[in-house]
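Here's the structure, in structure tokens; my notes come after.
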Amino acid sequence: MSFLLLFTLMTAKYPVIFSFLPFLFVPGELIIVAVVTVMSFSLLGRSRISYGYKSVQMLILVQFAIWMGYYIFRQESAYLSQIGTCIFVEIVYLYIVNFTSVRSFVKIYIYIVTAVAVAGMLAFFGVLTNVLHPLFEYQNMDGRTGYFFGLTCTNTYAGNFIRYSGIFDEPGAMANWGMWALLLNKLVLKNKRIELALAISLIFTFSMAYYIQMAFYLLFFHIRSWKQIGIGLTIGGLFVMIANSAKDTEYQIIYDASIARFERNDSGEIKGDTRRQIIQDTKKVFLQAPLIGVGPTRYQQIIDNGTMLEANLFAPLARDGVIGTLGIYLFFIFLLIYGLRHPEYLKYWIILFLGFYQRNAGLSVYYVVLSIVLYAAFLDDYLNSKTSCPNIKPQFNETGRIHSNCCI
């Protein structure tokens, strides 16, 4: 029951596409409210509630205070949604702590994303060999047409080629959240089979950002000798040769979606860098009100007038300024601070930052819950590696659940 509730909550809205499919008539917002209500009554029914890490509670409270301040100052209803997200996330965190555990949540999340990624890879080859065809079409939140193939979804489909997006709205999102699963697996489960399955499957999202992140992932976690460097270069070289062989053939689109994205156009810009102009436009909006941003209403007006501002690191800066961005990236900032204090975790932050640079997090329930889970997983891993810490009490009992006496 616990995992069903958590799965429903995480897939009810963006970046997951279930709410866009034609057979789902219940709004995602209503599903989230219903799930959180059930979680609230479950918590109220307990005789004793554990609150998890104190630092997590503090950060959620700071986020709540920031958005409450914005709402009081600006009186824009959009901030009520962000206040509600903070409340929802607090309830979800308490539910995870009291009815399951961070490790169990991470385990299920990794298994689901891995299954989605492998299914997407199979769908890619199914479409490539003309075995698999779309069952129906749907409309994404951004207005683009999406295609449901049974094994996967995508918004990039031409001839016998797809960039699969799994259960997410686009291939880049699949690659991004797949990388989160890879890092959580490296930190928590340390399952080499899952790592291999994810690493290979996500290649076929043809995400430029993923290729860059994966290069750093291999550098940080796997390359320890010249022999391993040679193996890595050989595998990469084979992939390049296969993709390059598709040039000027009926599979030209494979070349265009991979190698060609790293080529430069007539202006000297990298073809696959679709964020350059977006980032420049977003910076211009940010400079109009650096401290508190232009606000949700003005921000949306600019988008409605034809200027693309989303999908990059600077989007929150344009909308809510420096103060609001600190609220959105609060857990991510503390992950950096934690990484600087404990360098063995800094590599995780660097890889995530490379993804954030071209895909802003936003303040969705999905992102905030995963950020909290990753932050708690950092703390768990550190505590488990330190059997005797003078200022830190043990956090887990034999069930793997967090005690209420957490002091981090």
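For the numbers below, each heavy atom of this structure counts, side chains included, while hydrogens, waters and symmetry mates do not.
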Look at D381 together with K190 and state whether they make a salt bridge at an N to O cut-off of under 4.0 Å. yes

Sub-3.5 Å donor-acceptor pair from the side chain of [X] to the main-chain atoms of [Y], do we have one?
X: T154; Y: T156; value: yes
X: S165; Y: C153; value: yes
X: E195; Y: N185; value: no
X: T100; Y: I96; value: no
X: R103; Y: V188; value: yes
X: R163; Y: T205; value: yes
X: E76; Y: G295; value: no
X: Y211; Y: I203; value: yes

F331 vs V56, side chain to side chain contact (heavy atoms under 4.5 Å, CB included): CA-CA, chis, key distance, verdict: CA-CA 8 Å; F331 280 94; V56 172; 4.3 Å; yes

Using only heavy-atom distances, determine whether the side chains of E137 and T145 contain a donor-acceptor pair under 3.5 Å. no

Any heavy-atom pair between the side chains of [Y] and [X] that's under 4.5 Å?
X: Y164; Y: S201; answer: yes
X: W180; Y: V113; answer: no
X: V322; Y: L317; answer: yes
X: Y147; Y: N155; answer: no

Pair Y53, Y375 - check ring-ring contact (aromatic ring centres under 6.0 Å, His included), show working. CA-CA 10 Å; Y53 289 111; Y375 179 70; 7.5 Å; no

Write down the atom of [X], the atom of [Y], and the distance for their closest heavy-atom approach.
X: I328; Y: P316; value: CD1-CB, 3.6 Å
X: V16; Y: T11; value: CG1-O, 3.6 Å
X: I323; Y: Y70; value: CB-OH, 3.5 Å

Exactly one candidate in W349, F334, Y345 meets ring-ring contact (aromatic ring centres under 6.0 Å, His included) with F378; the answer is Y345

Quick one: which of F216, F221, F353 gives a ring-ring contact (aromatic ring centres under 6.0 Å, His included) with Y348? F221

Hey, can you tell me if F206 and F124 have their rings parallel, tilted or perpendicular (30° and 60° cut-offs)? tilted

Which value, rounded to the nearest 0.5 Å, describes the distance between [X] atom [atom1] and [Y] atom [atom2]?
X: L354; Y: N176; atom1: CG; atom2: CG; result: 11.0 Å
X: M179; Y: Y217; atom1: CE; atom2: OH; result: 7.5 Å
X: Y109; Y: L374; atom1: OH; atom2: CG; result: 10.5 Å
X: I333; Y: L326; atom1: CD1; atom2: CG; result: 4.5 Å
X: K107; Y: I194; atom1: NZ; atom2: CD1; result: 9.0 Å
X: Q63; Y: I372; atom1: CD; atom2: CD1; result: 7.0 Å

In sequence, state the C-alpha distance, the side-chain angles, and the governing distance for Y111 and F3, and then conclude on ring-ring contact (aromatic ring centres under 6.0 Å, His included). CA-CA 12 Å; Y111 284 167; F3 294 120; over 10 Å; no

Kindly determine whether D320 and Y79 satisfy side chain to side chain contact (heavy atoms under 4.5 Å, CB included), including the steps that lead there. CA-CA 10 Å; D320 299 311; Y79 291 116; 2.7 Å; yes

Please step through side chain to side chain contact (heavy atoms under 4.5 Å, CB included) for the pair M39 and F99, ending with a clear verdict. CA-CA 10 Å; M39 289 180 174; F99 288 93; over 6 Å; no

Take atom CZ in F220; do more than 12 heavy atoms of anything else shown fall under 6.0 Å from it? yes

Worked check of side chain to side chain contact (heavy atoms under 4.5 Å, CB included) between V127 and F161: CA-CA 6 Å; V127 175; F161 175 83; 5.9 Å; no

